[in-house]
Amino acid sequence: MSETTVLRTVTDAQGENIVYELTQKSVKNVNLRIRPDGSVAVSASRRVALAFLDDFVRSKAEFIRAAQKRLKERPQGGAQRQYQSGEQLAFCGGKLTLCVTLRQTRQCIVRRVGQTLELYAPADSTQQQRADAVERWYRREAAAYLPALCRRWYPAFQEKGIAYPQIRIRKMTSRWGVCQPKNGVITLSTMLMQVPEAAAEYVVVHEFSHFLVPDHSERFYAVVASVLPDWKERKAMLW
């Protein structure tokens, strides 16, 4: 049977409503995710009672409110940014100030100088062209930075018999990372370049742990905790 999606509303202990999108499909666990736009998404098996799911969401109210608050306070989103001088761009938990210089050039060029991200662009360049140039810069940075984090934390899993996986880097706006245990592949989002290093390390360890436990059971988080005892604090740094 194909999956179905419906909107449901619950009232938390504060008397505030939480609207969540429920997708019923073939999954083993109940999964809750806060999307980049702040909306709440839950996926669960059709066998799980709706009352149980409502109670589950209600029990996560504090987590949901905190995550939505962080999203509202995060640096400007790409849809709002004009890519003009003075704008702030998130980088490794801090901020870089964008400095745009228009000049006679055929393409946009981006480079970092201290806490400034210099963007050299053609005078007739569009906002999208500037955005694409900045995204390419993030990807180049991620291509060096994220595999280095993987190599840093791999020894903790090598001793557990895990072969070093293929590391892929791509832009993902709804997930920080994905592990494919059967294929030996970990894919990490370029968005990790915008969060503190401690948070990016948590994602790396999280994905490596899936080679030992593919789901998000208590056994899985026990593996994560054995490598990163402070994983909850690190996870809280993510949007």
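Position 1 is the first residue of the sequence, and the numbers go up from there.
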Original post:
Hey, mind stepping through Met193 and Cys92 against side chain to side chain contact (heavy atoms under 4.5 Å, CB included) and telling me if it holds?
Top reply: CA-CA 5 Å; Met193 295 306 303; Cys92 293; 4.1 Å; yes
**OP:** Please answer: with hydrophobic residues joined when any side-chain heavy atoms are less than 4.5 Å apart, are Ile167 and Met172 in the same cluster?
**Re:** no
Subject >> Contact check, side chains of Val204 and Leu146, non-hydrogen atoms, under 4.5 Å >> reply: no
Original post:
Can you get from Met237 to Trp153 by hopping between Ile, Leu, Val, Met, Phe, Trp and Tyr side chains that sit under 4.5 Å apart?
Top reply: no
Original post:
Is there a side-chain contact between Leu89 and Tyr138, using heavy atoms and a 4.5 Å cut-off?
Top reply: yes
Original post:
Is the shortest distance from a Lys or Arg side-chain nitrogen in Arg65 or Glu16 to a carboxylate oxygen in the other one below 4.0 Å?
Top reply: yes
**OP:** Mind listing the closest non-hydrogen atom pair of Leu119 and Ala133 along with its distance?
**Re:** CD1-CB, 4.3 Å
**OP:** Measure the spacing between NZ of Lys60 and CZ of Phe63 and express it to the nearest 0.5 Å.
**Re:** 8.0 Å
Subject >> Flag if over 12 foreign heavy atoms under 6.0 Å of CD, Gln166 >> reply: yes
Subject >> Transitive ILVMFWY side-chain link Leu32 to Leu7, under 4.5 Å >> reply: no
Original post:
Is there a donor-acceptor contact under 3.5 Å linking the side chains of Asp54 and Tyr20?
Top reply: yes
Original post:
Looking at CG of Asp12 and OG of Ser59, how far apart are the two atoms once the value is rounded to the nearest 0.5 Å?
Top reply: 11.0 Å
**OP:** Spell out, as yes or no, whether a donor-acceptor pair under 3.5 Å connects the side chain of Gln180 to the backbone of Val185.
**Re:** no
**OP:** Kindly assign one of parallel, tilted or perpendicular to the pair Phe208 and Phe157, based on the angle between their ring planes and the thresholds 30° and 60°.
**Re:** parallel
Subject >> Whether Arg33 side chain and Val42 backbone form a donor-acceptor pair below 3.5 Å >> reply: no
**OP:** Please collect all ring pair (Phe, Tyr, Trp, His ring centres under 6.0 Å) contacts where either partner lies in residues 168-196, sequence neighbours excluded, each pair once.
**Re:** Trp176-Trp239
**OP:** Rounded to the nearest 0.5 Å, what's the gap from OG on Ser209 to CZ on Arg219? Could you check?
**Re:** 11.5 Å
Original post:
Is Ile18 linked to Phe52 within one hydrophobic cluster, defined over Ile, Leu, Val, Met, Phe, Trp and Tyr using a side-chain heavy-atom separation of less than 4.5 Å?
Top reply: yes
**OP:** Give a yes or no answer on whether the side chain of Thr116 reaches the backbone of Glu118 with a donor-acceptor pair at less than 3.5 Å.
**Re:** no
Subject >> Straight-line distance of Leu192 CG to Glu201 CD, nearest 0.5 Å >> reply: 11.0 Å
Original post:
Is any NZ, NE, NH1 or NH2 atom of the basic residue among Arg112 and Glu141 found under 4.0 Å from an Asp or Glu carboxylate oxygen of the other?
Top reply: no
Original post:
Going from CG on Leu238 to CE on Met191, what distance comes out if it is rounded to the nearest 0.5 angstrom?
Top reply: 11.0 Å
Subject >> side chain to side chain contact (heavy atoms under 4.5 Å, CB included) assessment of Lys171 paired with Arg139 >> reply: CA-CA 8 Å; Lys171 184 178 181 179; Arg139 185 178 178 84; 5.9 Å; no
Original post:
How far apart are the closest heavy atoms of Leu96 and Gly114, and which atoms are they?
Top reply: CD2-O, 3.9 Å
**OP:** Would you mind reporting whether Val178 and Leu188 have side-chain heavy atoms less than 4.5 Å apart?
**Re:** no
Original post:
Mind checking whether Trp137 and Phe91 have ring centres under 6.0 Å apart?
Top reply: yes
Original post:
Side chains of Thr97 and Gln88: is there a donor and an acceptor less than 3.5 Å apart?
Top reply: yes
Original post:
Under 4.5 Å between any side-chain heavy atoms of Arg140 and Glu135, yes or no?
Top reply: no
**OP:** Could you check if a side-chain atom of His210 sits within less than 4.5 angstrom of a side-chain atom of Glu207, using non-hydrogen atoms only?
**Re:** yes
Original post:
Counting only heavy atoms not in Glu233, do more than 12 fall under 6.0 Å of its CD?
Top reply: yes
Original post:
CD1/Ile169 to SG/Cys150 distance, rounded to the nearest 0.5 angstrom?
Top reply: 6.5 Å
Original post:
For Tyr83, does its backbone N or O pair with a side-chain atom of Glu87 as donor and acceptor, under 3.5 Å?
Top reply: yes
Original post:
Which heavy atom in Leu50 sits nearest to a heavy atom in Gln24, and how many Å separate them?
Top reply: CD2-NE2, 4.0 Å
Original post:
Hey, is OH on Tyr164 packed in by over 12 heavy atoms from elsewhere, all under 6.0 Å?
Top reply: yes
Original post:
Between the side chains of Asn17 and Thr11, does any donor sit under 3.5 Å from an acceptor?
Top reply: yes
Original post:
With side chains defined as the heavy atoms from C-beta onward, is the minimum distance between Val57 and Arg8 less than 4.5 Å?
Top reply: no
Original post:
Is there a side-chain contact between Lys235 and His206, using heavy atoms and a 4.5 Å cut-off?
Top reply: no
Subject >> Contact summary for Val10 and Arg58, nearest pair of heavy atoms >> reply: CB-NH2, 3.7 Å
**OP:** Specify the closest pair of heavy atoms between Phe220 and Val213, including all atoms of both residues, with the distance to one decimal.
**Re:** CD1-O, 3.4 Å
Original post:
Taking Asp132 as the fixed residue, which of Gln128, Arg130, Gln129 is the one that meets the side-chain hydrogen bond (donor to acceptor under 3.5 Å, both in side chains) rule?
Top reply: Gln128
Subject >> Pairwise side-chain contact, Lys25 with Arg46, heavy-atom cut-off 4.5 Å (strictly under) >> reply: no
Subject >> Modelled atom types, side-chain donor and acceptor of Thr23 and Thr5, under 3.5 Å >> reply: yes
**OP:** I would like to know whether Lys232 and Asp230 meet side chain to side chain contact (heavy atoms under 4.5 Å, CB included); could you show each step before the answer?
**Re:** CA-CA 6 Å; Lys232 290 184 179 180; Asp230 62 343; over 6 Å; no
**OP:** For residues Cys108 and Ala121, report the shortest heavy-atom separation together with the two atoms involved.
**Re:** SG-CB, 3.8 Å
Original post:
Does Val6 belong to the same Ile/Leu/Val/Met/Phe/Trp/Tyr cluster as Val40, with side-chain heavy atoms less than 4.5 Å apart forming each link?
Top reply: yes
Original post:
Counting distance only, does the side-chain N/O of Gln115 pair as donor-acceptor with the main-chain N or O of Lys95 below 3.5 Å?
Top reply: yes
